[in-house]
Amino acid sequence: MTTIPLPSVAPCAPMPPGTPCTAADVAAAARALEAQGRRILHLEVGEPDFATPAHVVAAAEAAMRDGQTRYAPPAGIPELRAAVAAHVAERGVMAMPEQVVVSPGAKLLIVCTALAALRPGNEVLVPDPGYPAYAEAARLAGARVRHYPLREDGGVDAAAVAARVGPRTRMLVLNSPHNPTGGMLDEGALHALAALAARHDLLVLADEIYARLAFDDAHRSIAALPGMAARTVLVDGFSKAYAMTGWRLAYGVLPPPLVPAVVRLLAATASCAAPFVQRAGVAALAGPQNVVEVRVAELCARRDALVDALNAVEGVHCPRPAGGLYVFPSVAGLLARTGGDEGALARALLEREGVACVPGTGFGRGGAGRLRFALTAPAAVLAAVGEKVRRAAALGSLAP
């Protein structure tokens with residue numbers, strides 16, 4: 001029997017002892033404080049605080065009453081695969097339903113794609129800062145992770161990516177709108193990155209889970225560019241746009257040669273997404289979309305309230321994100337006066353002010369000196385966060 005060695009996992013950047021690092025760590029610390037009777041403002045996890053649309057819930061209930069509670073095909077029910085193919089066509093991505101693979105969550109689909117497409121010794125280009133699952137999936141496949149930096153606004157400089165391409169590079173990971181910065185890929189960057197992928201024969205993993213949450217400009221998919229559908233795995237799902245995080249429903253649009261391997265991996269791990277949940281997904285895509293539009297407008301108002309509140313604090317600089325569910329301010333100026341680092345400030349915010357957020361280094365070294373706040377509370381509540389940041393930093397030194 002062949003033994004597959006487990007990859008080493010890089011630790012988070014140094015922080016004061018006991019400081020939460022990832023969103024899950026912060027959430028656990030916040031829940032522990034709540035168990036002691038503390039009131040906590042949860043801005044750490046990217047979980048919309050809206051309700052799942054009523055017609056989506058009704059579709060799932062009807063499917064359960066109809067007996068759709070057994071196994072489904074590993075690739076997804078035909079109705080949802082067809083609905084997804086029609087949906088991504090609105091982004092200019094032309095795909096057959098047979099190219100759609102349904103998964104219980106986007107993270108599993110990212111892992112299965114990495115296992116199907118990568119070999120030990122391959123290299124994967126991953127944004128820094130970025131969603132930690134990308135690097136974890138690459139390492140599970142035995143690949144080496146190479147990070148590329150982002151601009152201040154969260155955009156991608158194609159030249160910086162090109163400088164990191166080597167003879168072993170196999171995959172380029174893109175995320176737009178981006179977690180944690182909220183940056184979006186502009187037209188110029190998309191074309192430059194597409195040309196780079198074609199020139200070096202790279203597979204692109206395009207995580208578009210926040211595609212519907214674009215504020216100031218329309219989302220653009222690299223898979224819609226000429227020739228890119230054949231080398232792009234588009235990952236999206238229902239968690240963010242339809243407030244369905246707990247439903248665990250996502251999908252990928254894959255180049256045809258990758259479909260059998262990814263489906264086989266899904267069958268061997270999760271078996272399938274629940275069929276009544278998939279019926280809910282059909283209802284979400286085929287039903288009225290005004291509910292998403294209303295919520296995007298609300299998120300935009302929340303963004304503006306939080307960005308303005310943070311920028312009113314001396315030593316804090318918060319770019320205005322173009323999309324997504326987060327703001328990612330630099331607190332470097334504040335830390336220069338108070339000592340400590342972003343981890344200490346995040347801990348002080350949680351313990352002193354009852355505000356849960358994530359240290360930027362939970363998303364890579366590129367997040368040093370930053371915090372990530374999720375737009376998961378009303379604008380009036382978020383407008384008070386800036387003052388809480390100022391107070392948390394002022395109540396004594398943050399140095400360990």
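Computed from a predicted model, the values in this text were never measured in an experiment.
Under the 4.5 Å side-chain criterion, counting only non-hydrogen atoms from C-beta, Pro275 is not in contact with Tyr71. In this structure, the side chains of Phe373 and Leu325 stay at 4.5 Å or more apart for every pair of heavy atoms. Side-chain contact check for Asp128 versus Leu150: every heavy-atom pair is 4.5 Å or farther apart. No side-chain heavy atom of Thr376 sits under 4.5 Å from any side-chain heavy atom of Val45. Within the 4.5 Å cutoff, the side chain of Ile77 has heavy atoms near those of the Arg279 side chain. With contacts defined as side-chain heavy-atom distances shorter than 4.5 Å, the pair Leu371/Val358 does not qualify. When side chains are defined from C-beta on, Arg352 does not count as touching Arg391, because their heavy atoms never get closer than 4.5 Å. Annotation: side chain of His147 is not in contact with side chain of Arg365 (no heavy-atom distance under 4.5 Å).
Hydrophobic clustering keeps Val204 apart from Val124 (ILVMFWY residues linked when any side-chain heavy atoms are closer than 4.5 Å, directly or through intermediates). No continuous path of ILVMFWY side-chain contacts below 4.5 Å connects Tyr210 to Leu193, so the two sit in separate hydrophobic clusters. Linking ILVMFWY side-chain heavy atoms closer than 4.5 Å, directly or via other members, places Val126 and Leu174 in two distinct hydrophobic clusters. By the rule that hydrophobic residues join a cluster once side-chain heavy atoms approach within less than 4.5 Å of another member, Val253 and Leu80 end up as members of one cluster. Neither Leu205 nor Met228 shares a network with the other; the hydrophobic side chains, linked directly or stepwise wherever heavy atoms of I, L, V, M, F, W or Y lie under 4.5 Å apart, form separate groups for each.
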Could you give me the CA-CA distance, side-chain angles and deciding distance for Thr181 and Arg372, then say whether side chain to side chain contact (heavy atoms under 4.5 Å, CB included) is met?
CA-CA 8 Å; Thr181 67; Arg372 191 196 76 171; over 6 Å; no
For a side chain to side chain contact (heavy atoms under 4.5 Å, CB included) check, start with the C-alpha distance between Phe238 and Leu285, then their side-chain angles and the critical distance, and finish with the verdict.
CA-CA 9 Å; Phe238 298 82; Leu285 294 180; 3.7 Å; yes
Could you give me the CA-CA distance, side-chain angles and deciding distance for Glu351 and Arg38, then say whether salt bridge (Lys or Arg N to Asp or Glu O under 4.0 Å) is met?
CA-CA 9 Å; Glu351 295 177 353; Arg38 291 283 304 278; over 6 Å; no
For the pair Met171 and Leu118, evaluate side chain to side chain contact (heavy atoms under 4.5 Å, CB included) and give the outcome as yes or no after the intermediate values.
CA-CA 8 Å; Met171 180 184 289; Leu118 299 173; 4.1 Å; yes
Residues Leu185, Ile222; criterion side chain to side chain contact (heavy atoms under 4.5 Å, CB included); working and verdict:
CA-CA 9 Å; Leu185 291 169; Ile222 195 169; 5.8 Å; no
Walk me through it: do Glu136 and Arg139 pass the test salt bridge (Lys or Arg N to Asp or Glu O under 4.0 Å)?
CA-CA 5 Å; Glu136 292 169 1; Arg139 293 187 182 110; over 6 Å; no
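When all heavy atoms are compared, the tightest approach of Ala305 to Ala379 is CB-O, 3.7 Å. A pairwise comparison of heavy atoms in Pro129 and Gly367 identifies CB-N, 4.1 Å as the closest pair. Contact record, Val93 with Ala223: CG2-CB, 3.9 Å, taken as the closest heavy-atom pair. The shortest non-hydrogen separation linking Ala189 to Val156 is CB-O, 3.7 Å. Looking at every heavy atom in both residues, Trp247 comes nearest to Ala280 through CZ3-CB, 3.6 Å. Nearest approach of Ala85 to Val88, heavy atoms of both residues: O-CG2, 3.5 Å.
Residues satisfying the ring-ring contact (aromatic ring centres under 6.0 Å, His included) test with Tyr131, not counting sequence neighbours, are Tyr134. Every residue two or more places apart in sequence or in another chain that forms a side-chain contact (heavy atoms from CB on, under 4.5 Å) with Met96 is listed here: Glu98, Gln99.
The six-membered or imidazole ring of Tyr326 lies away from that of Phe363, with a centre-to-centre distance of 6.0 Å or more.
A side-chain hydrogen bond (donor to acceptor under 3.5 Å, both in side chains) with Arg220 is found for exactly one of Glu208, His191, Glu187, namely Glu187. Of the options Val101, Val111, Val102, a side chain to side chain contact (heavy atoms under 4.5 Å, CB included) to Leu266 is made by Val101 and by none of the others. When each of Asp216, Asp153, Asn311, Asp308 is checked for a side-chain hydrogen bond (donor to acceptor under 3.5 Å, both in side chains) with Arg320, only Asp308 meets the rule.
Put simply, the side chain of Asn175 never gets that close to the backbone of His178: no donor and acceptor are under 3.5 Å apart. The backbone N or O of Ala377 sits less than 3.5 Å from a side-chain atom of Arg302, completing a donor-acceptor pair. Not a single donor-acceptor pair under 3.5 Å links the side chain of Arg91 to the backbone N or O of Ala224. The closest donor-acceptor contact from the side chain of Asp25 to the backbone of Ala27 lies at 3.5 Å or more, if one exists at all. A donor-acceptor pair under 3.5 Å is absent between the side-chain atoms of Glu44 and the main chain of Ala24, judged by distance alone. Remark: side-chain polar atoms of Thr232 are not paired, donor with acceptor, to backbone N or O of Leu234 under 3.5 angstrom. Side chain of Arg303 to main chain of Pro321: a donor-acceptor pair is present (N/O by atom type, distance under 3.5 Å, no hydrogens or angles). Looking only at distances, a side-chain donor or acceptor of Lys240 sits under 3.5 Å from a matching main-chain atom of Gly46. Remark: the backbone N or O of Gln68 is not paired with any side-chain donor or acceptor of Asp66 at under 3.5 angstrom.
With rounding to the nearest 0.5 angstrom, the CG atom of Leu299 is 11.0 Å from the CG atom of Asp304. With rounding to the nearest 0.5 Å, the separation of OG1 in Thr113 from CG in Asp207 is 10.5 Å. In this structure, Leu108 CG and Ile110 CD1 are separated by 9.5 Å, a value rounded to the nearest 0.5 Å. Rounding to the nearest 0.5 Å gives a distance of 9.0 Å between CG of Asp49 and CZ of Arg295. Interatomic distance, Arg248 CZ to Thr245 OG1, rounded to the nearest 0.5 Å: 7.5 Å. Residue Lys388 holds its NZ atom at 13.0 Å from CG of Leu310, rounded to the nearest 0.5 Å.
For Arg168 and Glu123, the salt-bridge test fails: no basic side-chain N is under 4.0 Å from an acidic carboxylate O. Ion pair Arg39/Glu34 not flagged as a salt bridge, since none of the NZ, NE, NH1 or NH2 atoms sits closer than 4.0 Å to an Asp/Glu carboxylate oxygen.
With hydrogens and angles left out, the side-chain atoms of Glu342 and Thr361 include a donor and acceptor closer than 3.5 Å. With 3.5 Å as the limit, one finds a donor-acceptor pair spanning the side chains of Tyr251 and Asp236.
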